[in-house]
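Here the structure is laid out as structure tokens; the discussion comes afterwards.
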Amino acid sequence: MPIQKICCIGAGYVGGPTCSVIALKCPDIKVTVVDKSQERIDQWNSEKLPIYEPGLYDVVKQRRGENLFFSTDIDNAIKEADLIFISVNTPTKTFGNGKGRAADLKYVESAARMIAEVANSSKIVVEKSTVPVRAAESISNILTANTFNKPNVKFQILSNPEFLAEGTAINDLLYADRVLIGGEDSAEGHAAIEELCKVYERWLPRKNILTTNTWSSELSKLAANAFLAQRISSINSLSAVCETTGADVSEVARAVGWDSRIGPKFLQASIGFGGSCFKKDILNLVYICEGLNLPEVAAYWQQVIDMNDYQKSRFSAKVIESLFNTVTDKRITLLGFAFKKDTGDTRESPAIDVAKTLLDEGAKLHVYDPKVEHSQILEDLTHPQVTEEPEHVRKSLTIHSDPYEATAGTHAIVLCTEWDEFVSLDYQRIYEGMMKPAYVFDGRKILDHQKLQSIGFIVQTIGKRLSRNSPNRVWGSKAQI
Ligand code: NAD
Ligand code: UDX
């Protein structure tokens, strides 16, 4: 029997968009996205969705109430489903064994236990969450151990990691490069893989669907994120070399990426990568390697994270150094707080690191982001992992809804997110309202630096010496070149 009802446990950045697109492309399949958070489900059922993602609302509006449902009635959705996606969060553990490295699988485990408890018919259970290698085995063990009294209920566990990126999720889902499905090498396993293939084949060519064994699929997801992050750390490491030698990292990236074996994507030097996935998944990979007694492999991947931390702190340090080594009581404007453009997500945003350093140094911070909720910025910057003095942060922080207000009377602009609207701001107007000398630190390399300099700004960016800046303001330059 083809799949008729799908349940997705976890209505987050992955579960929501993925299932909305499945509902759009498979109008005859009933798709129910469930979550334990009533607030999240209420938002999915409202006009203001819990996440900002271009194109998402249009898809939801078309299918919601038709064959797409958002609900907290998890039991019922599990009971009626033929196929269940587990799309819950798998954050880095913050306590106990593997603290700060291992993936915390408590939400995956609780989802598996709920399925075991309420299922009264056989199900295909699909790991959509990013998990350590062999997590499917643990899910399988939980399911079988808890359904020994239901002999007619059988489970097939598939791994179907998600490769969407935030900000482009709908496009990524509609035109996926590849869908990866891993399953058990048995007749039942192959049949389950085939059922899931049939869902994706409704809108993607079969050649884009890759099938593997379960463990290859699980590891490939961690590997793909590690490779992508590695490219960013590689180009960021070279940005430091560029700043001291006079090479331009954009030119280097272009020249290197022109080689068809290397390719041009993911070579954009920046203040460092953020987002909920890269750091978490590489830490997970490092932890797995250590557990397998492969310390050299663990150290190799750890370096991708270390280089990212270095890039973030190098940027913040340079801001302070350029502002005459003190930012105490200086007004500084952060343009952008999300971890990348076209999302309101701030998880692991490099802007948090930059803001923390500046606040610790006594700066008065003014923050503007087009999509991040003000309450989220406050929550991030007063989080116990960021400050021991939340009151100090509250007093030193102003969050704005308008970029011109945010920059008025400020000493420096620090651009942390590459939002398109920042390119077309009226910088002449901004310059006139700022303290002098007026600084711009372009952490994303999106602004017209020559134009800014001709207005009068002192401009710093990543991986490039700007000729009209005074020599003592060259990033990281100790040598006289
Ligand atoms: P998220 O935090 O946005 O959403 C997870 C949701 O699961 C939350 O709403 C939470 O309330 C819910 N949840 C947790 N346990 C539950 C339970 N037992 N029952 C019902 N609901 C439960 O997370 P996300 O960003 O969507 O990520 C989900 C998974 O997908 C993670 O493993 C992540 O690594 C992976 N992933 C994320 C992205 C991304 O861009 N965010 C991309 C690819 C893969
Ligand atoms: C990433 C993966 O791309 C996606 O396949 C996976 O499913 C989830 O993790 P995401 O974190 O949403 O997606 O965004 P991504 O576009 O990968 O950007 C991650 C971070 O790297 C952002 O902070 C971005 O600004 C930064 N980045 C990206 C760079 O600094 N330079 C680049 O060239 C590309």
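In this text, all values refer to a predicted model and were calculated from it rather than measured experimentally. Counting starts at 1 for both ligands and their atoms, following the listed order.
The ligand atoms of ligand 2 that sit less than 4.0 angstrom from a heavy atom of C277 are 8 (C), 9 (O). Close contacts between ligand 2 and K221 involve ligand atoms 6 (C), 7 (O) [criterion: under 4.0 Å to a heavy atom]. Taking a cut-off of under 4.0 Å to the non-hydrogen atoms of I9, the atoms of ligand 1 that pass are 19 (N), 20 (C). Ligand-side atoms of ligand 1 in range of S276: 41 (N), range being under 4.0 angstrom from any heavy atom. Counting atoms of ligand 2 from 1 in the listed order, those under 4.0 Å from a heavy atom of S270 are 29 (C), 30 (O). Interface atoms of ligand 1 facing S110, defined by a heavy-atom separation under 4.0 Å, are 18 (N). Close contacts of ligand 2 with E162, meaning ligand atoms under 4.0 Å from a residue heavy atom, involve 7 (O). Those atoms of ligand 1 with a heavy atom of I74 less than 4.0 angstrom away are 19 (N), 20 (C). Atoms of ligand 1 lying under 4.0 Å from at least one heavy atom of G10, given by number and element, are 6 (C), 7 (O), 12 (C). Of all the atoms in ligand 2, the ones that sit under 4.0 Å from a non-hydrogen atom of G274 are 19 (C), 20 (C), 22 (C), 23 (O). For ligand 1, the atoms sitting less than 4.0 Å from at least one non-hydrogen atom of K280 are 33 (C), 34 (O), numbered in the order shown with element in parentheses. Contact atoms of ligand 1 toward K221: 43 (C) (distance under 4.0 Å to a heavy atom of the residue).
The protein heavy-atom contact nearest to atom 3 (O) of ligand 2 is L228 CD1, 3.7 Å. Among protein heavy atoms, the minimum distance from atom 33 (O) of ligand 2 is reached at Q268 N, 2.9 Å. Residue, atom and distance of the protein heavy atom nearest to atom 11 (O) of ligand 2 are F339 CE1, 3.5 Å. Protein heavy atom closest to atom 19 (N) of ligand 1, with residue, atom name and distance, is M114 CE, 3.4 Å. The shortest contact between atom 14 (O) of ligand 2 and any protein heavy atom is with K340 NZ, 3.2 Å. With respect to atom 1 (P) of ligand 1, the closest heavy atom belonging to the protein is R40 NH1, 3.6 Å. Here the heavy atom of the protein found nearest to atom 1 (C) of ligand 2 is F278 CE2, 3.5 Å. Looking only at heavy atoms of the protein, atom 40 (O) of ligand 1 is closest to E166 OE2, 3.2 Å. At the shortest separation from atom 27 (N) of ligand 2 among protein heavy atoms lies I232 CD1, 3.4 Å. Looking only at heavy atoms of the protein, atom 25 (O) of ligand 2 is closest to R444 NH1, 2.6 Å. In this structure, the protein non-hydrogen atom closest to atom 12 (O) of ligand 2 is E166 N, 2.8 Å.
Residue-level proximity to ligand 2 for N236 is absent, since no heavy atom of it falls below 4.0 angstrom. Contact annotation: for K265 versus ligand 2, there are no heavy atoms closer than 4.0 Å. When heavy-atom distances to ligand 1 are checked against a 4.0 Å cut-off, C277 comes that close only through its side chain, counted from C-beta outward. Counting heavy atoms under 4.0 Å from ligand 1, residue E39 does not touch it at all. With a 4.0 Å heavy-atom cut-off, ligand 1 is reached by no atom of V131.
For K48 and E373, the salt-bridge test passes: some basic side-chain N is under 4.0 Å from an acidic carboxylate O. A salt bridge links E109 with R113: at least one charged nitrogen is closer than 4.0 Å to a carboxylate oxygen. Residues D75 and K79 are not paired through a salt bridge, judged by the lack of any N-O separation under 4.0 Å between the basic side chain and the carboxylate. A salt bridge between K464 and D248 is present, with a side-chain N of the basic residue lying under 4.0 Å from a carboxylate O of the acidic one.
From T130, atom OG1 reaches atom CG of L222 across 7.0 Å, with rounding to the nearest 0.5 Å. Going from atom CG of D306 over to atom CD of Q303 covers 5.0 Å, rounded to the nearest 0.5 Å. How far CG of N208 is from OH of Y200: 12.5 Å, rounded to the nearest 0.5 Å.
Not one N or O on the side chain of K312 forms a donor-acceptor pair closer than 3.5 Å with the backbone of I352. Checking side-chain atoms of E127 against main-chain N and O of A136 turns up a donor-acceptor pair under 3.5 Å. Proximity of a side-chain donor or acceptor of T417 to a complementary backbone N or O of F337 within less than 3.5 Å is detected.
For ligand 1, the polar-atom distance check finds no N/O of S87 at less than 3.5 Å from any of the ligand's N/O atoms. In terms of N/O distances under 3.5 Å, ligand 1 is not approached by S37. Between K128 and ligand 1, no N or O atom pair is found at a separation short of 3.5 Å. Between E162 and ligand 1, no N or O atom pair is found at a separation short of 3.5 Å.
The 12-atom threshold is not exceeded at CG of N97, counting heavy atoms of other residues, nucleotides or ligands nearer than 6.0 Å. In the displayed structure, F163 atom CZ is contacted under 6.0 Å by more than 12 heavy atoms of other residues, nucleotides or ligands.
With T72, V14, V88, I51 as candidates, the residue nearest to atom 29 (C) of ligand 1 on a non-hydrogen basis is V88. Of the candidates T90, D35, D281, V108, it is T90 that places a heavy atom closest to atom 32 (O) of ligand 1. The residue among A351, A165, P264 with a heavy atom at the shortest distance from atom 13 (O) of ligand 2 is A165.
Here the rule is side-chain contact (heavy atoms from CB on, under 4.5 Å) with I86, and of V131, V125, I157, N160 only V125 fits it. Here the options are K207, R206, K25, the test is salt bridge (charged side-chain N to carboxylate O under 4.0 Å, His left out), and the partner is E201; only R206 passes.
Side chain to side chain, K280 and T90 meet the donor-acceptor criterion of an N or O pair below 3.5 Å.
Both tests hold for K30 against F69: distance to the six-membered ring centre under 6.0 Å, angle to the ring axis within 45°. By the 6.0 Å and 45° rule, K371 stacks over the aromatic ring of Y52.
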Take D380 and T346 through the test side chain to side chain donor-acceptor pair (under 3.5 Å) and record every step on the way to the result. CA-CA 8 Å; D380 287 338; T346 63; 2.6 Å; yes
Could you walk me through whether K123 and S121 pass the side chain to side chain donor-acceptor pair (under 3.5 Å) test, one step at a time? CA-CA 7 Å; K123 316 275 178 204; S121 62; 3.1 Å; yes
